[in-house]
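Here the structure is laid out as structure tokens; the discussion comes afterwards.
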There are 2 protein chains.
Amino acid sequence: MIHNHSDLLNKVKTDLPADELLSDLSDLFKLFGDSTRIKILFALSESEMCVCAIAELLGMNQSAISHQLRTLKDANLVASRREGKTIYYHLSDDHVRTIIGQGFEHLTEKH
Amino acid sequence: MIHNHSDLLNKVKTDLPADELLSDLSDLFKLFGDSTRIKILFALSESEMCVCAIAELLGMNQSAISHQLRTLKDANLVASRREGKTIYYHLSDDHVRTIIGQGFEHLTEKH
DNA sequence: CGTTCATATGATTTATTATTCATATGATAA
DNA sequence: TTATCATATGAATAATAAATCATATGAACG
């Protein structure tokens, strides 16, 4: 750490957002960083779905899906409505589609 | 799983990308889903930096930063060049900025 | 009511991953 | 060549989190 970069450090340090914001940001991306959740979000970007439909679509058990839906709901990425015994989930806003779309572009645009 | 949603399932199933692609997508987001890596990427979006500068900026030891840079390099999110004993890292393309920007927007646009 | 269906939840197990420590590599300069 | 500086790497530890199992909740309907 001898070699000098204090000028650069000061510059970057002032531009870097607060730790808490960066932590929130990584927490957000973490939600997209699991294949089960990405599949759920992708499915919901097509259509509102109930829990057991998602479970059947992904070939996973109901409990696992419920846990992940809870995570996504706590983060306000999805919302739900009840209709009798069934609970339907949907994306809570369009940012989810945009973020996934950007990731997709990154993957597919690479040669 | 008695209640019927096979029509919906068939529709969504055809639109859902292949498992491998969705897995790649979550792997991509996973890289942004760690606060150390997000900080590194953010810093590099300001300026090319050497390893020890990043370590000093984040208040972490050199080894931890090196390990994370390796992860980011393996995923082609960052690239490096050598100048004498020093190795400078930079973002490998603009998608990184775009993806982080989208996440940022999502966070800040919420009331 | 009690039963059934759809979903949620808590606890446990299992798997994954970030950081640390010690050491290796690789370039430079004396 | 030896010493030093900057970085990389392997192994081990520690922390986090996903899936599973068993069970709880809560609505509808006989």
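- One can place CD1 of A/I54 at 9 Å from P of C/dT7, the figure rounded to the nearest angstrom.
- With C/dT9, C/dA6, C/dT20 as the candidates, the nucleotide lying closest to the side chain of A/K85 is C/dA6.
- Judged by distance alone with a 3.5 Å cut-off, a donor-acceptor contact links the side chain of B/H67 to the base of C/dT20.
- In the set D/dT7, C/dC21, D/dA19, C/dC21 carries the atom at the smallest distance from any side-chain atom of B/S63.
- Between A/R70 atom CZ and C/dT7 atom C1' there is a gap of 13 Å when expressed in whole angstrom units.
- Counting only distance, with no hydrogens or angles, the side chain of B/R97 and the backbone of B/I99 share no donor-acceptor pair below 3.5 Å.
- Residue-to-nucleotide contacts include no donor-acceptor pair under 3.5 Å from the side chain of B/Q62 to the base of D/dA6.
- Mapped onto DNA chain D by nearest heavy atom, A/E83 and B/C50 fall at different nucleotides, with B/C50 at the one closer to the 5' end.
- At distances below 3.5 Å, not a single donor-acceptor pair connects side-chain atoms of A/T86 with backbone N or O atoms of A/R82.
- Rounded to an integer number of Å, the gap from CG of A/L69 to P of C/dT9 is 11 Å.
- Of the candidates D/dA19, D/dT7, C/dT19, the closest approach to any side-chain atom of B/V51 belongs to D/dT7.
- Residue side chain A/Q68 does not reach the base of D/dA18 through any donor-acceptor N/O pair under 3.5 Å, judged by distance alone.
- Side-chain atoms of B/R37 come within 3.5 Å of backbone N or O of B/L31 as a donor-acceptor pair.
- For A/R82 and D/dA27, the shortest distance from a side-chain N or O to OP1 or OP2 is not below 4.0 Å.
- Without hydrogens or angle criteria, B/S23 side chain to B/D19 main chain gives no donor-acceptor distance under 3.5 Å.
- The phosphate of D/dA8 has OP1 or OP2 within less than 4.0 Å of a side-chain N or O from B/Y89.
- The main-chain N or O of A/N76 is found under 3.5 Å from a side-chain atom of A/S92 such that the two form a donor-acceptor pair.
- Rounded to a whole Å, the CG atom of A/N61 is 11 Å from the C1' atom of D/dA18.
- A donor-acceptor contact closer than 3.5 angstrom links the side chains of A/Q62 and A/S66.
- In this structure, the nucleotide among D/dT7, C/dT19, C/dT7 sitting nearest to the side chain of B/M60 is C/dT19.
- Contact of A/T86 with C/dT7 (side chain to base): no donor-acceptor pair of N or O atoms is detected under 3.5 Å.
- Rounded to an integer number of Å, the gap from CG of A/L72 to P of D/dA17 is 14 Å.
- Among C/dT7, D/dT20, D/dT7, the nucleotide with an atom closest to any side-chain atom of B/I87 is D/dT7.
- Remark: C1' of D/dT7 and OH of B/Y88 are 13 Å apart, rounded to the nearest angstrom.
- B/S47 contributes no side-chain N or O that, together with a main-chain N or O of B/A43, makes up a donor-acceptor pair within less than 3.5 Å.
- Distance A/L58 CG to D/dA19 P: 10 Å, rounded to the nearest Å.
- Of all the heavy atoms in A/T98 and B/Q102, the pair that sits closest is CG2-OE1, 3.1 Å.
- Annotation: proximity of residues 20-42 of chain B to DNA chain D (heavy atom, distance under 4.0 Å) is found for no residue.
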